[in-house]
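Structure, as structure tokens:
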Amino acid sequence: MTPLLQGNTAVVGLQWGDEGKGKIVDFLTESADVVVRYCGGANAGHTVRIGPNKYSTHLLPVGIFRPQVMNLIGNGVVLDPEALFREIDEFLAKGVAISPANLRISYKTHVVMPWHKAEDEARESAAGAAGIGTTKRGIGPTYADKMQRTTAIRVADLQHEDKLRERIQRIATDRNKMFAALYDAPPVDWRPVFETYRDFGRRIAPFVDDTSKLLIDALRDGKRIVFEGAHAVLLDVDHGTYPYVTSSNCSALGIFTGAGVPPQAIQNYVGIMKSYSTRVGGGPFPTEQPNNIGDYIRERGNEYGTTTRRPRRCGWFDAVAVRYAVDIQGITHIALTLLDVLTGLDQVQICTAYKHNGQRMDYFRADMDTLAEVEPVYETLPGWRGSLSNARRFEELPKEAQQYVKRLEQLAGAPIKLVSIGPDRAATLIR
Ligand code: GDP
Ligand code: IMO
Ligand code: MG
């Protein structure tokens, strides 16, 4: 790991996702021993650029590109085996080594079934404009079944074929009734589903392990662990902008249940924060700029979803939201990303507070009706010109860019230790 960090590190998003977690996890895992994903599923999309190669991961931890790293998919993830094997096959074809020597999956992890994806799709279509704007990867319905219990399937269940057959038959019969009643959908034959998932179970078997035990052993042995967050705090099902959130505790608060480790396991909480705001899908977004500023950011930042290719909604940096994200997750370090994207603007704006019903509001409220009514209070700073990409030290950046970073740091309430000025591993300044 970089000399910057001793001990174990959580890497989490401070906004609405796509902050560049993939890039920073990759940067921080140079000498890590273990990388673990603890939440979400194939709704995540993390991009890593290594020289001329660009990789997008959805389920695999980003440590997969570092030969010395053991990668774990924790129990808090919802695993779509079809998506997993597609990703594994794609990377194998590109020469990335993936085997049980560097990948293990928790036997407690819940499995995304075809009816979960169908339900996600059907609910979103039926809701029309009132939908959440999900990735349609079956995430919400799989977590709903996890809580429901009797209609869930875990990785461990794939390993017991006779019971799996009965289970799939029973659940499919139940789902067919639901789909017919709610969406007038034709019934699904459970047999091919069973055969497909039985085969997935056989392929996945060598990877299945007790990942919580592996982590606890790694802790005892003094190994370096990186906890790779997906999504971000404002998409956390409890602490985000509910109901426009994903269905997991994807903030740092979900690490202990999602990975199966005690709270003492982590010393560093690195928050990834982009230099502006984006969000994909529906929900309140106080600093959104549906105008030429938003378009400028989208085109320069290539702000199109890694998973769904949807154009991301873009806007100014929201310090009210980020302060909340820093507080609630106990952020010890910040990595600021995508600073280069703002280059060329005459002025940059920062939302420092909200106004609500004529009153100043300094603290974030994760209530969508309130957020839909707030008006951002902006502070304006001078912009900067010229490429940032040649800078090798923070002090080499244009002084207006430095001033912007220092102001963000003051407002966020935690030290900005890394500044990313391009997608590549090398385009990272340590402060
Ligand atoms: P994640 O979901 O948080 O891992 O982020 P994504 O990978 O979905 O989106 C971040 C995008 O920004 C990716 O295309 C990255 O390659 C890119 N990126 C990361 N850091 C920087 C940066 O500092 N500058 C630029 N221009 N692109 C970056
Ligand atoms: P990473 O890890 C950005 C959003 C979706 C939608 C909402 C619910 O790449 O930062 P879901 O399919 O999870 O039920 O959709 O959450 N969402 C993300 N937005 N980045 C992500 O992940 C996201 N994961 C989910 O767009 O609004
Ligand atoms: Mg992403």
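Just follow the structure's listing: the first ligand is 1, and inside any ligand the first atom is 1. Reckoned from all heavy atoms, side chains included, excluding hydrogens, waters and symmetry mates. Each residue takes its place number in the sequence, starting with 1.
Heavy atoms of Gly301 come nearer than 4.0 angstrom to ligand 1 in no pair at all. Distances shorter than 4.0 angstrom occur between a heavy atom of Gly45 and an atom of ligand 1. Using a 4.0 angstrom heavy-atom cutoff, Asn302 does not count as in contact with ligand 1. Under the 4.0 angstrom criterion for non-hydrogen atoms, Tyr244 is not in contact with ligand 2.
The nearest protein atom to atom 10 (C) of ligand 1, hydrogens excluded, is given as Asp18 O, 3.8 Å; this is a heavy-atom distance. In terms of protein heavy-atom proximity, atom 12 (O) of ligand 1 is closest to Leu338 CD2, 3.7 Å.
The Mg ion (ligand 3) does not have Lys21 among its coordinating residues (no N/O/S atom, backbone or side chain, under 2.8 Å).
Between Ser247 and ligand 2, no N or O atom pair is found at a separation short of 3.5 Å.
Residue Gly422 holds the heavy atom nearest to atom 21 (C) of ligand 1 of all those in Gly422, Ala427, Ser389.
Arg279 and Asp318 are not joined by a salt bridge, as no carboxylate oxygen comes within less than 4.0 angstrom of a charged side-chain nitrogen.
Per residue Asp18, closest N, O or S atom to the Mg ion (ligand 3): atom name OD1.
Here Tyr38 and Phe227 keep their ring centres 6.0 angstrom or further from each other.
The ligand atoms of ligand 1 that sit less than 4.0 angstrom from a heavy atom of Thr306 are 6 (P), 7 (O), 8 (O).
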